[in-house]
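Scroll down for the structure; my scribbles are underneath it.
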Amino acid sequence: MTAWPEGYGRHVFDVLDSTLSEAARMAPTLSGPAWILALEQTNARGRRGRAWSTPRGNFAGTLIMRRKEEPGVAALRSFVTSLALYRTFVAVTGQADAFALKWPNDVLLKGGKVAGILLESIGDHLVIGIGVNLAHAPGADEVEARALTPMSLAETLDIDVAPEVFLDVLAAEYAALEAQFTAHGFAPIRRAWLSHAAKLGEVITARTMRDETVGTFEDVDEAGNLILQTANGRAAITAADVYF
Ligand SMILES: O=C(O)CCCC[C@@H]1SC[C@@H]2NC(=O)N[C@@H]21
């Protein structure tokens, strides 16, 4: 059994609209960081206003904490979280090679998307919503045409992990990385994140609402920007959807 990290609250709900919405409701009452888990969500949201489906058996969690730093630094916790997710997947499956990280914060299983993260600010709190396809993945026809195929742990690896068990491992992995981030800053997180990055050194496409940049994925800089080497030189991209 994994020890629950000291100082973190743990709140498990059967059904919620969204753990992000519950975090917003709970924020005024919290005295420290807290994890919120829902076994089912009825109105979950993904990045860029997309819907996110959470059937029973999948993981839907939110970590809420008071924001200690300026927003740009606090947002680097999306990398802390995706690295914690990577370590959690390896811990529960024993299959390090099956998983990879996709900038800015998706986790891939055998090249398809198995987990996504949505970071939001609520007043002086940071909320990190995490969705993991443990049991079921949406069909390829339910996601955008160029999106990676959704994958689930159960359907792809034949490994069943209960959301509560996943939460306990993730909370412990996160707490260890949060302590490292607080003590040593982003550099060690960035190095570890890059060591698991998908498509590093390969040509990828970063698309925003306005434009599309194609280039070789060279690095993630100290501010978390995606660095692409393009035909017109080096591009630092702050926010985009990445396509392989
Ligand atoms: O689009 C993405 O990749 C991010 C998906 C984030 C989904 C999670 S599930 C738990 C939390 N509650 C929500 O409503 N969304 C996030």
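Atoms within each ligand, like the ligands themselves, are counted from 1 in listed order. Residues take their numbers from the sequence shown, with the count starting at 1. Below, all heavy atoms of this structure are taken into account, side chains as well, without hydrogens, waters or symmetry copies.
- Side chain of E142 to backbone of G139: a donor-acceptor contact under 3.5 angstrom is found.
- Set against the non-hydrogen atoms of L20, the atoms of ligand 1 under 4.0 Å away are 11 (C), 12 (N), 13 (C), 14 (O), 15 (N), 16 (C).
- Considering only non-hydrogen protein atoms, atom 3 (O) of ligand 1 sits nearest to K113 NZ, 2.5 Å.
- Applying side-chain hydrogen bond (donor to acceptor under 3.5 Å, both in side chains) to D17 and the options R45, R25, Q41 leaves one that passes, R25.
- Remark: minimum distance from atom 9 (S) of ligand 1 to any protein heavy atom is reached at Q41 NE2, 3.3 Å.
- R146 and D241 are not joined by a salt bridge, as no carboxylate oxygen comes within less than 4.0 angstrom of a charged side-chain nitrogen.
- For the pair R67 and D124, the salt-bridge criterion is not met [side-chain N within less than 4.0 Å of a carboxylate O].
- The contact set between ligand 1 and T19, taken as ligand atoms under 4.0 Å from a residue heavy atom, comprises 10 (C), 11 (C), 12 (N).
- Considering only non-hydrogen protein atoms, atom 5 (C) of ligand 1 sits nearest to W52 CE3, 3.4 Å.
- Between F99 and Y86, the two ring planes are perpendicular [angle over 60°; tilted spans 30° to 60°].
- In this structure, the ring of F244 has its center no less than 6.0 angstrom from the ring center of F217.
- Between D168 and R10 there is a salt bridge, since at least one side-chain N of the basic residue sits less than 4.0 Å from a carboxylate O of the acidic one.
- With respect to atom 1 (O) of ligand 1, the closest heavy atom belonging to the protein is R47 N, 2.7 Å.
- The shell of residues lying under 4.0 angstrom from ligand 1, judged by heavy atoms, includes R45.
- Between S18 and ligand 1, a contact under 3.5 Å exists for at least one N or O pair.
- Per-residue contacts place G46 under 4.0 angstrom from the following atoms of ligand 1 (heavy atoms of the residue considered): 1 (O), 4 (C), 5 (C).
- Between T54 and ligand 1, not a single N/O pair is under 3.5 Å apart.
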